[in-house]
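First listed ligand is number 1; within each ligand, the first listed atom is number 1.
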Amino acid sequence: MKAILLAGGKGTRLRPLTIHTPKPIVPIFNRPFLNYQIDLLKQVPEIDEVILSLNYQPRRIEEIFGDGSDLGITIRYVVEPAPLGTAGAVKYAGDKLTESVVVFNGDVLTQIDLAGVIRLHRERKARATIVLTPVDNPTAYGLVDTDPSGNIRRFLEKPNPDEITTNNINAGIYVLEPDTFDRIPSHVPWSIERSYFPSLIERRETFVAYIHNGYWIDIGTPAKYTQVHRDIMDGRYAAAPFQGIAEPRTWIAGDVKIEDGATVGGPCFIDEGVLIKAGAKVGPYSVIGRQTQIEEDTVIGGAVIWPNCRISRDAIVRDAIIGRNCHIGRSVSVTAGAVLGDRTTLTDFTRV
Ligand code: GDD
Ligand code: MG
């Protein structure tokens with residue numbers, strides 16, 4: 001069985017982080033995001049090939065995963081000449097498929113019984129099966145109404161607040177029958193959410209729901225990107241590198257240097273080669289990437305800092321995301337949801 005990962009979006013809501021790092025490979029701690037999805041797919045032995053459907057900066061992604069042999073799974077790449085939308089991408093990547101295929105949005109992280117989803121699809125002899133999950137506010141997602149037997153009756157992408165009839169949304173995980181792809185036109189952008197799913201309903205094809213009540217998140221905004229780190233540090237989602245680490249879940253690489261008089265409070269993640277100088281305070285929910293330097297009397301908390309940054313003395317970095325190779329000057333304060341792109345330089349005393 002094959003799985004298609006839709007990983008061709010531009011990641012606009014995660015800009016500026018995604019200018020140099022496509023969303024599928026933004027780091028979650030020290031691993032590119034897709035590693036976590038591939039871990040999940042590998043739990044289903046029947047899945048023997050992952051097809052990465054790419055468009056935006058495909059080379060960067062190929063360089064990281066290669067043919068998949070390091071991960072113990074076969075990876076194939078299909079790069080669209082131009083973005084074809086979610087349905088167009090599935091058709092383009094899965095044109096030659098003859099058996100049921102698993103499709104994943106390339107930005108969702110979840111603890112799901114994927115084998116159970118495939119089982120339901122087969123038991124119900126469905127043409128398509130879609131995983132639903134409840135969220136507080138469905139407006140940013142695809143709203144899905146079902147009947148009491150679990151058949152999908154309505155699919156409404158990005159509903160207005162007055163159109164909300166349920167909390168169940170499309171979790172971005174499907175099992176599809178390739179012979180339903182005939183309705184998707186070739187070589188023009190087409191949406192799985194706005195066209196393909198509504199067409200299954202219109203034609204009264206067997207289109208069923210699998211409700212997932214466990215952990216689920218779409219990492220596609222800065223707030224959610226930060227949240228996923230917190231969830232893993234808090235043990236709400238069990239994932240490397242925090243799997244099996246006891247409270248207060250603190251992961252510090254072997255060669256990290258913490259000078260006398262610096263303090264580190266968990267949960268936190270401090271990667272290889274980090275230097276934390278005297279008087280610095282690294283507080284809960286800090287994630288500090290490789291080779292970053294935290295200078296004297298700095299205060300860090302709730303921040304995700306990518307590799308190779310320099311945070312100068314007396315700076316405060318709180319509840320912010322800082323891209324690679326940034327230079328934060330002395331006494332700078334970066335707080336309250338700020339997001340800095342790679343190579344940002346902030347002059348001493350700047351406030352963001
Ligand atoms: N190959 C390819 N080509 N991939 C694409 C394209 C394209 O043209 N457009 C989007 N993608 C990929 C994105 O990279 C992402 O992994 C996935 O398709 C979904 O796109 P998003 O842009 O993240 O959509 P969304 O988050 O607003 O909404 C989607 O996901 C929600 C769940 O997180 C929809 O499927 C909603 O219905 C759903 O609730
Ligand atoms: Mg998304």
Atom pairs and distances, ligand 1 N/O vs protein N/O under 3.5 Å:
residue	atom	partner	partner atom	Å
ligand 1	1 (N)	Ser53	O	3.3
ligand 1	1 (N)	Ser53	OG	2.7
ligand 1	1 (N)	Glu80	OE2	2.5
ligand 1	3 (N)	Glu80	OE1	3.2
ligand 1	3 (N)	Glu80	OE2	3.1
ligand 1	4 (N)	Gly8	N	3.1
ligand 1	8 (O)	Leu84	N	3.4
ligand 1	8 (O)	Gly85	N	2.8
ligand 1	14 (O)	Gly8	N	3.4
ligand 1	14 (O)	Gly9	N	2.7
ligand 1	16 (O)	Leu6	O	2.7
ligand 1	16 (O)	Gly106	N	2.9
ligand 1	22 (O)	Arg13	NH2	3.3
ligand 1	23 (O)	Lys23	NZ	3.2
ligand 1	23 (O)	Asp107	OD2	2.8
ligand 1	26 (O)	Asp218	OD2	2.9
ligand 1	27 (O)	Arg13	NH1	3.3
ligand 1	27 (O)	Arg13	NH2	3.2
ligand 1	27 (O)	Lys158	NZ	2.8
ligand 1	28 (O)	Lys158	NZ	3.3
ligand 1	30 (O)	Asn105	ND2	2.9
ligand 1	33 (O)	Asp218	OD2	2.6
ligand 1	35 (O)	Asn105	ND2	3.2
ligand 1	35 (O)	Asn170	ND2	3.2
ligand 1	35 (O)	Glu193	OE2	2.5
ligand 1	37 (O)	Gly142	N	3.2
ligand 1	37 (O)	Glu157	OE1	2.6
ligand 1	37 (O)	Glu157	OE2	3.4
ligand 1	37 (O)	Asn170	ND2	2.9
ligand 1	39 (O)	Gly142	N	3.0
ligand 1	39 (O)	Asn170	O	2.6

For this session: Kindly check if the number of other-residue, nucleotide or ligand heavy atoms within 6.0 Å of NE2 (His20) is above 12?
Result: yes
For this session: Answer yes or no: are there more than 12 heavy-atom neighbours, outside Arg230 itself, under 6.0 Å from its atom CZ?
Result: yes
Exercise. For residues Glu177 and Ser100, is any side-chain donor paired with an opposing acceptor at under 3.5 Å?
Worked result: yes
For this session: Can you check the number of protein N/O/S atoms within less than 2.8 Å of the Mg ion (ligand 2)?
Result: 2
For this session: Taking atom CG of Asp260 as the centre, report whether more than 12 heavy atoms of other residues, nucleotides or ligands fall under 6.0 Å from it.
Result: no
Exercise. Under 6.0 Å from the CZ atom of Arg343, do we count more than 12 heavy atoms belonging to anything else shown?
Worked result: no
Exercise. Do we get Arg31 above Tyr36's six-membered ring, with its NZ or CZ under 6.0 Å from the centre and within 45° of the axis?
Worked result: yes
Exercise. Counting only heavy atoms not in Arg59, do more than 12 fall under 6.0 Å of its CZ?
Worked result: no
For this session: Could you walk me through whether Lys224 and Asp107 pass salt bridge (charged side-chain N to carboxylate O under 4.0 Å, His left out), step by step?
Result: CA-CA 11 Å; Lys224 299 279 179 177; Asp107 60 353; over 6 Å; no
For this session: Could you label the plane-to-plane angle of the Phe197 and Phe155 rings as parallel, tilted or perpendicular, counting under 30° as parallel and over 60° as perpendicular?
Result: tilted
